[in-house]
Amino acid sequence: MDYAVSGRQAVRVTLVAAAGFHLFRYGLDRPVAATYALFAAVAVGGLAKIPGTGRQRAATVLRLLPVCWLLVVVGTYLSVRTWSAVIGMLAVGFALAFAAVGGPRPAGAVPGLQLLYILPSFPPYAPGTLGERLIGTTTGLALFIAAEALIFPEPTPPSYQQRAAHAARSAAHCATLLATPPYALSCPDIRAAGDASLALRSLTVPEAERPAGPGVRDRALADTGLATRTLLSRLTQLPAPPHGHAGPAATAVLQAVARLATATATFLGAGPSPVAAYEDLAGARARLSAVSLGPVGNPVPGTARAPDFPPAVLRRHAAVLEIADAALAMAAAADLAVRGRHAAVEVAQSRFWYARTWAPLLWWHRLRGHAGRRSVFFQNAARIALALTAARLVAGVDTLPHGFWATLATLTLTRTTMDETWRTIRLALAGTLAGALVTAGALSLAGPHTVVYAVALPVWMLFAFTVGPVKGVGWAQGLFTVLVALVFAQLSVPTWRLAEVRMLDVLVGSAIGAVFGLLAWPRGAHDELRHAAAELLRRAAEIVVATGASVAGGGAVVAASGQCGHRSLQRAVVLAESAYAQFQSEPTPFGGTARGGVVRTVDWQATLMAGHHTLWGSDRLLTPPLTALGPAAAESVSGLGERVAGRMLLVSAALDPGADTPTGRIPLLDPALEGSVTEPPGAPRLYYATVSWLESLMTDLTRIARGGTGPGQGRHAP
């Protein structure tokens, strides 16, 4: 954050906080309302980190108004006794922190909501002032909403839906080129497709635009990006037709893909439904599948004799069918993202399990999925709730002066990793000490002259909220120490000992935060995401082996491998998606190198793509009737499946932080499978469809290992 960005936000917060405070303190002589008006603005404008533009933040705060009122009411009545305040802090603190499962905006608002509950939960117990507290809170929030919406309006970045529409247009362009001579993409076309795909990666998307919520539309929009990236990847890797003859059936599919991608892009931009184009592609795909169905010279009973296609043609047919599947998934997900449960496209329950599920059930699914020690959301909520509870208990039992400050220090200084917590505390204590010295000198010089503090407050607030976010936590704590002194000096008779109390409170709050940061899961989201991704790849490897055996055996072992493995993989995909959503929803994710040397540039979405592709491809290949493979083809398929599964396990072992023998780094894999197993002569289309599926999984594994930017992949690879 640079000074221009923080300065604009500082102007908004300063105008709102100073206006509300001075209006009630000096205009209406309501010090309680003045306090709540100021801290309401500081909570949502300074402490909260709600992502997005000013108008987006204003809309978020507007929706949270009833929650803010409830927090003030509950905190006021529970402050009657220390024990009730402590229990309330535990319950409300956990509930607010756990609400971060709802996505980036709720997660960003949580610290501000915590402050709005902490403020009334301390003495004095004065339910008679509840009206003033609510009036002050409402005024501060209303002024903040107006300031965010009207002062320094910011341009809205492209939404994820717009990014997906752009990527779909890029896919349509590629499909059109591949359906017309010379049936190939140029380097600029491949780079453009890569850029469009890169724009859908979460790390390149502004936090407020990431589809990470639990609802149908957010889930579907995330799947739209996933399928669009898959489509771009398949298009850029489509092999050229042998001898320049693309074949009418394959060309018809690519043309239908181009039309559907165009229709999907238009639909995402508020155009008509892509249903007609979807049905057109489904029909073209079925015709291509029928044309290339069955072994050469040995048609499946009950079907017409298949043409004698050479292996290169069958291989290309299989790749084109993969492209069609990705395009169909993209259109179905886009329809769900725009229309929700009123989508017109019929979707497969296995792919879009959430499509017909009501919103409360999806929320329950998200909450239940994180109600366990493996969830970072649960860990963070438990950590901060226990720390705040301990701070409130110490403040109540020891009658700590201004115990509110100690609890606030616990809230603002506790981090998700122990190393970062210690670093933050060291800087905060140094900054607070410097601020306390400045405060003591200022209070000694100005004495009881309230007008000095009234004039200095907005100036110092503007300076603090401009410099603090840029300079870091040390500066922020020091400047905030002076700021709270200027506020409380206008509410009671000030003395230099106020600086001493502030220093003591920050020290107590820091110690409590450090203790609970050390005891309660001192790790960040990265390790949990690595564990979920590793489990997904282990389950996917099992499905790959089982599917290869089923295809090789002509379906004889389908019942044995059955749906049990598919259900396990589906559950692993759901858990990994939740972990990924949690990872990208963190308001302040840590960067750099994680434990084990795995860098943050790993393409986590490629892991999810590998899981989805494993499910989709396995379902497609095992759809009856299955073609019987000859001994050579069966051996080849089994061997290829085992090789791909083995490489999945290699990546899984590198990702898993709890592996017995962690490798420390993800191996760089060669995506090519050619030459690893001899290609059998006269193999049927099913063989080439299986090989195409396995090659696509190898592409996903390569992207995981290289983060989309490694050698052989390139920055522009989709």
Side-chain angles (χ1 to χ4, degrees), residues 1-23 34-35 37-58 60-61 108-109 111-112 115 140-141 143-155 157 206-208 405 408-409 411-413 424 427-439 441-442 446 452-490 499 502 506 587-588:
M1 179 184 292
D2 57 18
Y3 286 110
V5 175
S6 64
R8 288 193 293 269
Q9 185 66 11
V11 169
R12 299 188 191 103
V13 176
T14 299
L15 287 175
V16 171
F21 183 82
H22 285 85
L23 170 65
T35 302
L38 183 142
F39 277 102
V42 171
V44 296
L47 188 57
K49 302 299 180 184
I50 304 173
T53 64
R55 292 183 183 275
Q56 290 172 328
R57 290 190 294 271
T60 300
V61 174
L115 175 57
L141 295 177
L143 291 175
F144 176 81
I145 291 170
E148 286 285 356
L150 301 176
I151 299 177
F152 301 129
E154 304 157 271
E207 200 172 20
W405 292 349
L408 181 59
L411 175 65
T412 55
L413 300 182
T424 300
L427 294 174
L429 290 177
T432 302
L433 177 60
L437 294 176
V438 173
T439 297
V452 175
Y453 307 121
V455 172
L457 177 61
V459 177
W460 190 265
M461 188 179 298
L462 180 63
F463 177 68
F465 287 126
T466 300
V467 174
V470 178
K471 288 291 189 178
V473 66
W475 278 79
Q477 284 293 322
L479 296 171
F480 192 72
T481 297
V482 179
L483 175 62
V484 295
L486 294 176
V487 172
F488 284 94
Q490 300 177 64
R502 167 69 180 171
V506 172
T588 52

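Values below: every heavy atom of this structure, side chains too, minus hydrogens, waters and symmetry copies. In this chain, residues are counted from 1 in sequence order.
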Quiz item: Rounded to the nearest 0.5 Å, how far does OG1 of Thr14 lie from CG of Leu457?
Solution: 8.5 Å
Quiz item: Measuring from Glu154:CD to Arg8:CZ, what's the distance to the nearest 0.5 Å?
Solution: 6.0 Å
Quiz item: Shortest non-hydrogen contact from Ala442 to Tyr453?
Solution: O-OH, 4.4 Å
Quiz item: Please, which pairs that meet salt bridge (Lys or Arg N to Asp or Glu O under 4.0 Å) have at least one residue in residues 460-473, sequence neighbours excluded?
Solution: none
Quiz item: Considering all heavy atoms of both residues, which atom of Val13 and which atom of Gly46 are nearest to each other, and what is their separation?
Solution: CG2-N, 4.5 Å
Quiz prompt | Atom pair CG (Leu483) and CZ (Phe488), whose distance is rounded to the nearest 0.5 Å | solution = 10.0 Å
Quiz item: How long is the span from the CZ atom in Phe480 to the CZ atom in Phe465, to the nearest 0.5 Å?
Solution: 6.5 Å
Exercise. State the CE-CG distance between Met461 and Leu38, to the nearest 0.5 angstrom.
Key: 4.5 Å
Quiz prompt | Any residue meeting side-chain hydrogen bond (donor to acceptor under 3.5 Å, both in side chains) with Thr481, in chain and number order, not counting sequence neighbours | solution = Arg502
Quiz item: Is any side-chain heavy atom of Leu411 closer than 4.5 Å to a side-chain heavy atom of Leu47?
Solution: yes
Quiz item: CG of Leu141 to CD of Glu148: how many Å apart, nearest 0.5 Å?
Solution: 11.5 Å
Quiz item: So which heavy atom on Gln56 is nearest to which on Ala208, and how close?
Solution: OE1-CB, 4.0 Å
Self-check item: Sub-4.5 Å side-chain heavy-atom contact between Pro153 and Thr53
Solution: no
Quiz prompt | Closest non-hydrogen atom pair between Val467 and Tyr3, with its separation | solution = CA-CE2, 4.2 Å
Quiz item: Which atom names give the shortest non-hydrogen contact between Phe39 and Leu115, and what distance separates them?
Solution: O-CD2, 4.1 Å
Self-check item: For the student: nearest non-hydrogen atoms of Leu15 and Ile151, plus distance
Solution: CD1-CD1, 3.8 Å
Quiz item: Quick one: does Val470's side chain get under 4.5 Å of Thr466's, heavy atoms only?
Solution: no
Counting only pairs under 3.5 Å, give me each side-chain donor-acceptor contact of residues 427-437, with atom names and distances, residues two or more places apart or in other chains.
from: Thr432; atom 1: OG1; to: Ala428; atom 2: O; distance (Å): 2.7

Quiz item: Taking side chain as C-beta onward, heavy atoms only, is Gln9 less than 4.5 Å from Pro469?
Solution: no
Quiz item: Do Arg12 side-chain atoms and Phe152 backbone N/O form a donor-acceptor pair below 3.5 Å?
Solution: yes
Quiz item: Step by step, would you call Gln477 with Thr412 a side-chain contact (heavy atoms from CB on, under 4.5 Å)?
Solution: CA-CA 10 Å; Gln477 284 293 322; Thr412 55; 3.7 Å; yes
Quiz item: Would a distance-only check, ignoring hydrogens and angles, find a side-chain to backbone donor-acceptor pair under 3.5 Å from Trp460 to Leu479?
Solution: yes
